[in-house]
Amino acid sequence: MLEDIIRSAMDEGAAIENMGFEGEVLEGAELCRAEFSGVRFLRCRFEDCDLSEISLFACSFENCSFAGCRFYGAFLKKCRFTGCRGDGANFTGARLRDVQFMDCGLRYLNLSESSWEQGSLRACNLQEVYWSGAKIKKLDFTDCDLRHAEFFRTPLMGVDLSRCDIEGLRVSEGCAELRGLKISAGQAAVLAGPLGVELI
């Protein structure tokens, strides 16, 4: 049902608004430039779908899966993701505004060249997330697993990671990305290696 509704709306150049979908499964669907507003997704599964340049406004995703899906150049605003799984999803060039993820599995997420303003990531698995050339502003990280995440050419000025696991955090050789990063005293030892600092 969901795919038929999306196709119909796209053919008409219309947005899908104020609807709810539960238990839907989409496999290999190409939904580029589809528009959603005020839509709720519950226990839906998107597998290997192309969601490039999709627009999501005030949408919620609960216990959904979008692992391996492509969100190239997508635009998300005021969206909420709770208990979702998106391992390996690709958000290259995506723009996120006031988007919240809570208790989500997002390992190997690709956020290269993306921009994320406001919003939050709480109790999320962000191991080995690739954040290269991205822009982060007023994004709240709380109780997240950022082990071996990469922030190459992504300034972390003003970002607070004091409540996250940052073991193995990767940045460029000069470590310029770490300037202005907020961490706890106990995390200093974790970053000592990349900074060339010897703690005694």
Side-chain angles (χ1 to χ4, degrees), residues 36-44 46 51 54-67 69 71-171 177-187 190-191:
F36 296 84
S37 177
V39 177
R40 182 191 182 208
F41 297 90
L42 177 62
R43 292 190 294 277
C44 293
F46 301 85
L51 305 168
I54 194 171
S55 178
L56 298 168
F57 176 74
C59 294
S60 66
F61 295 78
E62 301 171 49
N63 299 313
C64 294
S65 172
F66 48 92
C69 290
F71 290 83
Y72 305 136
F75 179 68
L76 292 76
K77 185 174 182 179
K78 295 185 181 299
C79 293
R80 306 291 180 267
F81 294 80
T82 307
C84 295
R85 293 294 174 264
D87 295 347
N90 195 325
F91 281 80
T92 296
R95 293 172 296 153
L96 299 92
R97 303 290 182 269
D98 191 17
V99 176
Q100 298 181 6
F101 285 84
M102 179 174 287
D103 192 27
C104 292
L106 305 170
R107 295 183 65 184
Y108 312 113
L109 197 68
N110 189 338
L111 288 157
S112 299
E113 306 298 332
S114 66
S115 64
W116 199 329
E117 186 172 344
Q118 298 185 324
S120 62
L121 288 154
R122 298 176 180 270
C124 291
N125 186 340
L126 299 167
Q127 289 184 46
E128 299 191 59
V129 166
Y130 191 63
W131 233 310
S132 176
K135 297 179 181 178
I136 300 174
K137 184 178 180 181
K138 297 180 181 179
L139 181 59
D140 176 33
F141 291 84
T142 302
D143 298 329
C144 290
D145 186 346
L146 282 160
R147 285 177 293 172
H148 304 289
E150 183 167 322
F151 288 90
F152 181 67
R153 293 189 300 107
T154 298
L156 296 172
M157 176 72 71
V159 175
D160 186 348
L161 298 181
S162 62
R163 296 183 59 183
C164 299
D165 188 341
I166 59 172
E167 181 181 352
L169 197 73
R170 293 175 289 182
V171 294
E177 298 87 349
L178 300 179
R179 188 175 295 115
L181 172 66
K182 299 177 182 179
I183 59 173
S184 67
Q187 291 173 313
V190 175
L191 296 180

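At a threshold of 4.5 Å between non-hydrogen side-chain atoms, the residues Cys124 and Phe141 do not count as touching. In this structure, the side chains of Arg97 and Gln118 stay at 4.5 Å or more apart for every pair of heavy atoms. In this structure the side chain of Phe151 reaches within 4.5 angstrom of the side chain of Leu146, judged on heavy atoms. Within the 4.5 Å cutoff, side-chain heavy atoms of Leu106 are placed close to those of Phe66. The shortest side-chain heavy-atom distance between Phe152 and Glu177 falls under the 4.5 Å cut-off.
Checking side-chain atoms of Ser114 against main-chain N and O of Phe91 turns up no donor-acceptor pair under 3.5 Å.
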What's the verdict on side-chain contact (heavy atoms from CB on, under 4.5 Å) for Asp98 and Gln100, showing C-alpha distance, side-chain angles and the deciding distance? CA-CA 7 Å; Asp98 191 17; Gln100 298 181 6; 4.2 Å; yes

Would you please test Glu128 and Glu150 for side-chain contact (heavy atoms from CB on, under 4.5 Å) and show each step? CA-CA 7 Å; Glu128 299 191 59; Glu150 183 167 322; over 6 Å; no

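The pair Arg107-Asp145 does not meet the salt-bridge criterion, since no charged nitrogen lies less than 4.0 angstrom from a carboxylate oxygen. Taking a cutoff of 4.0 Å between a charged side-chain nitrogen and a carboxylate oxygen, Arg40 and Glu62 qualify as a salt bridge. Under 4.0 Å is where a charged nitrogen must lie from a carboxylate oxygen, and between Lys77 and Glu117 no such pair does.
Shortest non-hydrogen contact noted between Cys59 and Ser37 is SG-N, 4.1 Å. Minimum interatomic distance between Leu178 and Leu156 (heavy atoms only, all atoms of both residues): CD2-CD1, 4.2 Å. The minimum heavy-atom distance between Ser132 and Arg153, with the atom names listed, is OG-NH2, 3.9 Å. Nearest approach of Ala74 to Leu51, heavy atoms of both residues: CB-O, 4.3 Å. Looking at every heavy atom in both residues, Ser162 comes nearest to Ser184 through CB-N, 3.7 Å. Contact between Cys104 and Phe81 at its shortest, heavy atoms only, is SG-O, 3.5 Å.
Summarising the geometry, atom CZ belonging to Phe75 is positioned 9.0 Å from atom CG belonging to Leu96; distances are rounded to the nearest 0.5 Å. Considering CZ of Arg95 and NZ of Lys135, their distance stands at 11.5 Å, rounded to 0.5 Å. Between atom CD1 of residue Ile166 and atom CZ of residue Arg147 there is a gap of 12.5 Å, rounded to the nearest 0.5 Å. From Leu181, atom CG reaches atom CD of Gln187 across 8.0 Å, with rounding to the nearest 0.5 Å. Here the OH-CD distance, from Tyr72 to Glu113, works out to 13.5 Å after rounding to the nearest 0.5 Å. Phe46 contributes atom CZ, which lies 16.0 Å from atom CZ of Arg85 (distance to the nearest 0.5 angstrom).
The aromatic rings of Trp116 and Phe101 stand perpendicular to each other, their planes meeting at an angle above 60°, with 30° marking the opposite boundary. Aromatic ring pairs are classed by plane angle as parallel below 30°, tilted from 30° to 60° and perpendicular above 60°; the pair Phe41 and Phe61 is parallel.
Screening Asn110, Leu121, Leu109 for a side-chain contact (heavy atoms from CB on, under 4.5 Å) with Val129, the sole residue that qualifies is Leu109. Exactly one of Asp143, Thr142, Thr82, Asp103 qualifies for a side-chain contact (heavy atoms from CB on, under 4.5 Å) with Arg122. That residue is Thr142.
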